[in-house]
Amino acid sequence: MFNDLKKDLENLKDLDKAKLLSGFFKTGKGQYGEGDIFLGIKVPDQRKLAKKYSDLNLKDVQKLLESKIHEERLVALLILIIKYKKSENKKEIFDFYLKNTKNINNWDLVDLSAPNIVGDYLTDKNRKILYDLAKSNHLWEKRIAIVSTASFIRKNDFKDTIKISEMLIDDKHDLIHKAVGWMLREVGKRNQDTLENFLKIQYKKMPRTMLRYSIEKFDEEKRQSYLKL
């Protein structure tokens, strides 16, 4: 099954698209995606493969997650999401995911998987692990921490998004600014007062990108008033 999946991925590769993706996901020397290799496969096609090979064992999923090929890691995570949804032992998948944070190492990998596994699992549990991840020196662990809260936001539970946003407000990386701003925007779409209460205290400290993302859904007059402050 593992070798069949590898062959299917190879058959779907598109070198022109791979070149574009390599630039888009910043794979150059010193960039956040340095060394990442792309095959140029569309995400819907990867989802089909994940469904086809959803019975792949965790040992082989691990092999895919350790691959330098971006699509192999993404398919592994999509398979893991399917396994998580079906599993009677969701903690096993949750723990497996957290042991692989070093391999969940680009923003799309985090964004497609963290809410569906980490966030979902922690919905009715202690969430200390998210705060530990937010304190990490590892870019992607910090992104996992904030993006996982999307699962809580969908249930109108905003407290962890707000607290972790406060923790990350001084972070230097643009990808954290964007992730925090995105999650704050999602809070605001459901409860604008909660977002504005946060902004009243924090807007002066927020990086410009984080602020722009968070107020994106405000009416134009209010949005401009925050940008001018």
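FYI, side chains are in, hydrogens and waters are out, and symmetry mates aren't considered; it's all heavy atoms of this structure. Please read all numbers here as calculations on a predicted model, not as lab measurements.
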For this session: Please answer: with hydrophobic residues joined when any side-chain heavy atoms are less than 4.5 Å apart, are I37 and L20 in the same cluster?
Result: no
Exercise. Under a 4.5 Å side-chain heavy-atom rule over Ile, Leu, Val, Met, Phe, Trp and Tyr, are I82 and L80 clustered together?
Worked result: no
Exercise. So, F38 versus F25, ring centres under 6.0 angstrom or not?
Worked result: yes
Problem set entry | Side-chain donor-acceptor contact under 3.5 Å, Y226 with E196 | yes
Problem set entry | Any donor-acceptor pair under 3.5 Å from R73 side chain to S67 backbone | yes
For this session: Return the minimal non-hydrogen interatomic distance between S54 and I79, and the atom names on each side.
Result: O-CG2, 4.0 Å
For this session: Step through the shown structure and confirm whether more than 12 heavy atoms of other residues, nucleotides or ligands are within 6.0 Å of NZ on K51.
Result: no
Exercise. So, R223 and E220, do they make that salt bridge, N to O below 4.0 Å?
Worked result: yes
Exercise. Would V118 and V147 count as a side-chain contact (heavy atoms from CB on, under 4.5 Å) if you check the C-alpha gap in whole Å, the side-chain angles of each, and the deciding distance to 0.1 Å?
Worked result: CA-CA 9 Å; V118 179; V147 174; over 6 Å; no
For this session: Provide the closest heavy-atom pair for D55 versus K83 in the form atom of the first, atom of the second, distance.
Result: C-NZ, 3.7 Å
Exercise. Can you list the steps and then say if K19 with D16 is a salt bridge (charged side-chain N to carboxylate O under 4.0 Å, His left out)?
Worked result: CA-CA 5 Å; K19 186 176 181 180; D16 290 334; over 6 Å; no
Exercise. What is the minimum heavy-atom distance between K17 and G40, and which atoms define it?
Worked result: CD-O, 3.4 Å
Exercise. Do you see a donor-acceptor pair shorter than 3.5 Å between the side chains of N11 and D8?
Worked result: no
Problem set entry | N-O pairing of K7 and E10 below 4.0 Å | no
For this session: Under the salt bridge (charged side-chain N to carboxylate O under 4.0 Å, His left out) rule, what do D174 and K178 come out as? Steps first, then yes or no, please.
Result: CA-CA 6 Å; D174 183 64; K178 291 177 179 177; 3.1 Å; yes
Exercise. To the nearest 0.5 Å, how far apart are CG in L5 and CZ in F2?
Worked result: 7.5 Å
Exercise. In Å, rounded to the nearest 0.5 Å, how long is the span from OG of S87 to CZ of F96?
Worked result: 12.5 Å
Exercise. How about R190 and I153: do any of their side-chain heavy atoms sit closer than 4.5 Å?
Worked result: yes
For this session: Check whether the side chains of Y32 and W107 place a donor and an acceptor atom closer than 3.5 Å, and report yes or no.
Result: yes
Exercise. Side chain of R143, backbone of L139: donor and acceptor closer than 3.5 Å?
Worked result: no
Exercise. Could you give the distance from CD1 (I164) to OG (S148), rounded to the nearest 0.5 Å?
Worked result: 8.0 Å
For this session: Using modelled atom types only, decide if a donor and an acceptor are shared between the side chain of H177 and the backbone of I169 within a distance under 3.5 Å.
Result: no
Exercise. Under 3.5 Å, is there a donor-acceptor pair between the side chain of N116 and the main chain of L112?
Worked result: yes
For this session: Spell out, yes or no, whether L227 and M210 are grouped together once hydrophobic residues are joined by side-chain heavy atoms under 4.5 Å, including indirect joins.
Result: yes
For this session: Indicate if V110 and V43 have the same hydrophobic cluster label, given that clusters are the connected sets of ILVMFWY residues with side-chain heavy-atom separations under 4.5 angstrom.
Result: yes
Exercise. Does the side chain of N100 pick up a donor-acceptor pair with the side chain of Q62 at under 3.5 Å?
Worked result: yes
Problem set entry | Side-chain (E34) to main-chain (G30) donor-acceptor, under 3.5 angstrom | yes
For this session: Could you list all the salt bridge (Lys or Arg N to Asp or Glu O under 4.0 Å) pairs where at least one residue sits in residues 124-135, not counting sequence neighbours?
Result: R127-D157, R127-D160, K128-D132
Exercise. So, does K52 use its side chain to make a donor-acceptor pair with the main chain of R47 at under 3.5 Å?
Worked result: no
Exercise. Got a salt bridge between K99 and D95, using NZ or NE/NH1/NH2 to carboxylate O under 4.0 Å?
Worked result: no
For this session: Let me see the working for K159 and F152 under side-chain contact (heavy atoms from CB on, under 4.5 Å), right down to the final yes or no.
Result: CA-CA 9 Å; K159 60 184 182 297; F152 315 149; over 6 Å; no
Problem set entry | K90, NZ atom: more than 12 neighbouring heavy atoms under 6.0 Å | yes
Exercise. Any side-chain donor-acceptor pair under 3.5 Å between D120 and Y84?
Worked result: yes
Exercise. Step by step, would you call Y213 with M183 a side-chain contact (heavy atoms from CB on, under 4.5 Å)?
Worked result: CA-CA 9 Å; Y213 270 57; M183 289 301 102; over 6 Å; no
Exercise. Can you find a heavy atom in the side chain of I117 that is under 4.5 Å from one in the side chain of I81?
Worked result: yes
For this session: Could you check if a side-chain atom of L195 sits within less than 4.5 angstrom of a side-chain atom of I162, using non-hydrogen atoms only?
Result: no
Exercise. Given side chains that start at C-beta, do those of T194 and T161 come closer than 4.5 Å, heavy atoms only?
Worked result: no
For this session: Run the salt-bridge test on D171 and K142 with the 4.0 Å N-O cut-off and return the result as yes or no.
Result: yes
Exercise. With distance as the sole test, does R185 use its side chain to make a donor-acceptor pair with the main-chain N or O of R212 at under 3.5 Å?
Worked result: no
Exercise. At what distance, to the nearest 0.5 angstrom, does CG of D193 lie from NZ of K200?
Worked result: 7.5 Å
Exercise. Hey, is NZ on K63 packed in by over 12 heavy atoms from elsewhere, all under 6.0 Å?
Worked result: yes
For this session: Could you please spell out the steps behind the side-chain contact (heavy atoms from CB on, under 4.5 Å) verdict for D4 and Y53?
Result: CA-CA 9 Å; D4 290 339; Y53 293 101; 3.4 Å; yes
Exercise. Can you find a heavy atom in the side chain of L77 that is under 4.5 Å from one in the side chain of L65?
Worked result: yes
For this session: Output yes when a side-chain donor or acceptor of E71 lies under 3.5 Å from a complementary backbone atom of I41, and no otherwise.
Result: yes
Exercise. Between H70 and D108, is any pair of side-chain heavy atoms under 4.5 Å apart?
Worked result: yes
Problem set entry | Heavy-atom closest contact (S113 atom, Y97 atom, distance) | OG-OH, 2.7 Å
Exercise. If you round to the nearest 0.5 Å, how far is NZ of K6 from CG of L9?
Worked result: 8.0 Å
Seminar exercise, completed: When rounded to the nearest 0.5 Å, the distance separating CG of L109 from CH2 of W140 is 8.0 Å
Problem set entry | Exceeds 12 heavy-atom contacts within 6.0 angstrom, atom NZ of K189 | yes
